[in-house]
Number of protein chains: 2
Amino acid sequence: MARAGITKARLAAVGAELADELGFERVTLAEVARRCGVQTPSLYSHVSGTAELREQVTLLALEEMADRAAEAVAGLSGKAALTGLANSYRDYAWQHPGRFTASAAAATLTAETAAGSAGPRHARFTEAVLRGYAVDPGARVHAVRMLGSTVRGFITLEMSGSFDHSSPPADESWAQIIHGLDTLFRSWPAAPGAELPSPRAEDAR
Amino acid sequence: MARAGITKARLAAVGAELADELGFERVTLAEVARRCGVQTPSLYSHVSGTAELREQVTLLALEEMADRAAEAVAGLSGKAALTGLANSYRDYAWQHPGRFTASAAAATLTAETAAGSAGPRHARFTEAVLRGYAVDPGARVHAVRMLGSTVRGFITLEMSGSFDHSSPPADESWAQIIHGLDTLFRSWPAAPGAELPSPRAEDAR
DNA sequence: GACTAGAACCTATTGTTATTAGGTTTTAAG
DNA sequence: CTTAAAACCTAATAACAATAGGTTCTAGTC
């Protein structure tokens, strides 16, 4: 019988499809093996277990998102770049919900793994967009973090259906929020700095 | 032998502890049963399965978070209220990471279940904070959504360690971001409306 | 104080996935 | 053609989820 031609990359691809179809949590060695026409234990020659399989899907998603982000901001600046970048993530999430979920699990990736290439790329694009605004370089990190937080937070909430039961469609809020970020970034930092953050409760890390 | 005195509420409590200790995904019927000194199948008298067990943990977390949010904004308005509300969520996440994760799964809850009480409560508090700003009532939803997105997004990224490998501590960004939101809400809506959202790619939902 | 209905809990069993161990076959290099 | 590594397999163990079908406790009733 001919070999299936399994590769770590191929497993990631199959896992990614699986994630979009059934949800990231159902990306399972058994199901991937089934789709590859191979027995489950055979996969252990290519990945160390379920954890690594999912990790590969996460990396795949991060790369794809970075590719799209790159296209989305190419040649643009200011609000156009901001909108392009944000939309590229949102579009990706709707087209590949499972992969988007996977990308959110980037958390658990070891520093080196994540730093492979996708991690830095995302950071670079976001920074590039912010560089278009006259944000003080020292304060840019904060703006970068806010952009990332808001975009990821919105998409997550939207996809989880949180906006489905209140009246104005999410699209409207999305436009307003991007406009809000644009406005904010035009005169960042809003707070010159001195002001201390309200510290978290004592027992927290 | 004395009965264990299992209750749906007790299962939720044990599940919540488990979530904080081992992570939400490890909230399992088997482990909960073990901690209650009971056989796994016995739990089926109280919950319909793993899904409902986790759902109960989610509801517990939502209620707890709403309680804290209520305390946090009591008697405050403007930036103080905004800060208090945002911090209450962040503090909770650090003190109960598993429950916070669970609360993010509120997505999958059916409308009625979620609407039980916690859902509307959160919405009310956020709206109350925004009411302190002179936001046009019609545009308030957008501000509410932005606040929710940014706060949840930031906390998620922070807890997943995304900010651990770039220089300024997350606390600083948190303060700046809250200040930014405060600034933004003072003159919301930034965009009077007409402007259309850049539509998502066609094949998306 | 025994009687009974229902709740609370149990054992047994099946199916699914993960993982390890230890072959066998294909492929490709020399 | 030989051979060594890679690719794949079968067998077996362990854990969790879930269903089926008891048994025992407990509360309310006569």
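Between the side chain of B:Asp20 and the backbone N or O of B:Arg99 there is at least one donor-acceptor pair closer than 3.5 Å. Remark: side-chain polar atoms of A:Thr150 are not paired, donor with acceptor, to backbone N or O of A:Leu147 under 3.5 angstrom.
For the pair A:Arg152 and A:Phe100, the cation-pi criterion (under 6.0 Å, within 45° of the ring axis) is fulfilled.
We find the NZ-CG distance between B:Lys79 and B:Leu76 to be 13.5 Å, quoted to the nearest 0.5 Å.
A perpendicular orientation is assigned to the rings of B:Phe185 and B:Trp188, their planes being inclined by more than 60° (bins at 30° and 60°).
Proximity of B:His46 to the phosphate of C:dC9: a side-chain N or O atom is located under 4.0 Å from OP1 or OP2.
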Subject >> nucleotides 10-17 of chain D: protein proximity per nucleotide (B base, S sugar-phosphate only, - neither; heavy atom, under 4.0 Å) >> reply: BB----SS

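For the pair A:Leu22 CG and C:dT17 P, the interatomic distance rounds to 11 Å; values are reported in whole Å. Between the CZ atom of A:Arg26 and the C1' atom of C:dT16 there is a distance of 13 Å, given to the nearest Å.
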